[in-house]
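All values derive from a computational prediction rather than experimental measurement. Just so you know, ligand 1 is whichever comes first in the structure, and atom 1 is the first atom listed for that ligand.
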Amino acid sequence: MADMSGFKVAKDFHVSEPVQTSGEFYVKGANNLDWGMKRHLSHIFNPKSGHTEMFAFDHGYFMGPTSGLERLDLIIPKIAPYVDSLMATRGAFRSTIDPAYGKGLVLRASAGSSMLQDDLSKEVLAVDIKDAVRLGADAIAIQSFIGADGQLQSIDNVSRGINLGYEYGIPVVGVVAVGKKMERTDRFFKLATRIMAELGANIVKSYDCENFDEVVAGCPVPIVVAGGKKLRESEALELVDRVMSQGAAGVDMGRNIFQSLHPSEMAEAVGKIVHEGFSAKEAIEFYEDAIHPAK
Ligand code: R5P
């Protein structure tokens, strides 16, 4: 209890000034969420730009030690300072990430397949929501396989995750999966992203496609775009520019950062587009200057 000596009676209530309540929340579709959910989202989406550079390194959950991610302890600390949020498994977080890392944590919560299989669409919800709470996760990410054999199970995973997310105040990222046999058309992404949002996902992870602006318009929550297979740095930065200028709320990029020869500089260049409105050309120049500093 506070020491009462010198206690002053409250008298300065500024009665002529209307009381301010917090205004509209800046994350798309999140205005009616609980305060705690909004707080988690504000750890992922930068409050100044409203956008996020999410760095994904959860690939090991079905691919094992992917090129670039052989040693999480060596690569992740080079990249983490330049991004807004990390997307990974609980095994990677607990073993590799400094708990003092103060930015967003997005926990991959579905699993069940490995690259030894042809059909990767059959997953389960692999993380107990209480463990997500213990970790301090700002969101859990659950994959959906719309149009694939595992669709029903994956929608069950997403729906159960969303029910638990609302119960425990943790947002859900609905991850739209693409497989070898699955379409990569705007028709598919409009369908899959909208299904995720209607089920209650608070963020949707999807892909670049034709008419991406229409995919964004039809999805009432923010879309973050995966980088996909490794491209040349200039092409990856063009992809980021293209989707950001069509309304993406950010990227959820993995290989195009961790497989770059200069991962820190690449992460920084991506952030220039995501947060500062750099064009692809400006970001490419920034990247080139960063890797070849003037002597
Ligand atoms: C796949 O395992 C994950 O969902 C990745 O986190 C996602 O695809 C983003 O990584 P990348 O940019 O390498 O596709």
Side-chain angles (χ1 to χ4, degrees), residues 44 52-70 72 75-76 79-80 82-93 96-97 104-117 119-123 125-127 137 139-146 148 150 154 157-158 161 172-180 182 184 189 192-193 196 201 203-209 223-233 235-240 242-244 248-260 263 266-267 269-271 273-274:
I44 296 171
T52 188
E53 179 179 1
M54 193 183 290
F55 170 53
F57 59 101
D58 57 334
H59 303 60
Y61 95 95
F62 79 105
M63 286 177 161
T66 329
S67 168
L69 294 183
E70 293 89 342
L72 297 176
I75 184 77
I76 306 307
I79 298 168
Y82 300 103
V83 299
D84 303 288
S85 49
L86 303 178
M87 179 188 185
T89 60
R90 57 179 165 179
F93 280 135
T96 311
I97 304 302
L105 295 187
V106 177
L107 174 63
R108 148 74 62 174
S110 63
S113 55
S114 79
M115 59 190 272
L116 298 179
Q117 296 167 290
D119 181 3
L120 301 175
S121 73
K122 293 176 181 155
E123 292 195 334
L125 190 54
V127 174
I140 53 173
I142 307 169
Q143 193 149 242
S144 67
F145 295 88
I146 304 301
S154 72
N157 298 337
V158 171
V172 171
V173 181
V175 175
V176 172
V178 286
K180 281 182 201 145
M182 291 156 75
R184 287 183 181 236
F189 289 118
T193 56
M196 288 300 95
I203 305 170
V204 176
K205 192 207 96 176
S206 190
Y207 288 83
D208 181 29
C209 63
I223 293 183
V224 293
V225 175
K229 68 175 185 202
K230 174 76 173 74
L231 306 167
R232 283 204 302 267
E233 278 75 3
E235 291 171 327
L237 292 168
E238 280 160 10
L239 180 154
V240 177
R242 190 163 60 246
V243 296
M244 291 307 297
V251 292
D252 178 28
M253 187 168 256
R255 287 163 285 180
N256 279 292
I257 294 176
F258 66 71
Q259 290 180 347
S260 170
M266 186 60 184
V270 170
I273 303 175
V274 168

Considering only heavy atoms of [X], which atoms of ligand 1 have at least one such atom less than 4.0 Å away?
{"X": "R108", "value": "3 (C), 4 (O)"}
{"X": "M253", "value": "12 (O)"}
{"X": "Y207", "value": "8 (O)"}
{"X": "K205", "value": "3 (C), 4 (O), 5 (C), 7 (C), 8 (O)"}
{"X": "D252", "value": "9 (C), 12 (O)"}
{"X": "R255", "value": "11 (P), 12 (O), 13 (O), 14 (O)"}
{"X": "G227", "value": "12 (O)"}

Would you say [X] and [Y] make side-chain contact, with heavy atoms under 4.5 Å?
{"X": "R255", "Y": "H59", "answer": "yes"}
{"X": "F55", "Y": "I76", "answer": "yes"}
{"X": "M266", "Y": "L237", "answer": "yes"}
{"X": "I146", "Y": "V176", "answer": "no"}

**OP:** Work out whether the distance between some heavy atom of F62 and some atom of ligand 1 is less than 4.0 Å.
**Re:** yes
Subject >> Flag for S206-T193: side-chain donor and acceptor within less than 3.5 Å >> reply: no
Considering distance alone, does some N or O of [X] sit under 3.5 Å from an N or O of ligand 1?
{"X": "F258", "answer": "no"}
{"X": "D58", "answer": "yes"}
{"X": "Y61", "answer": "no"}

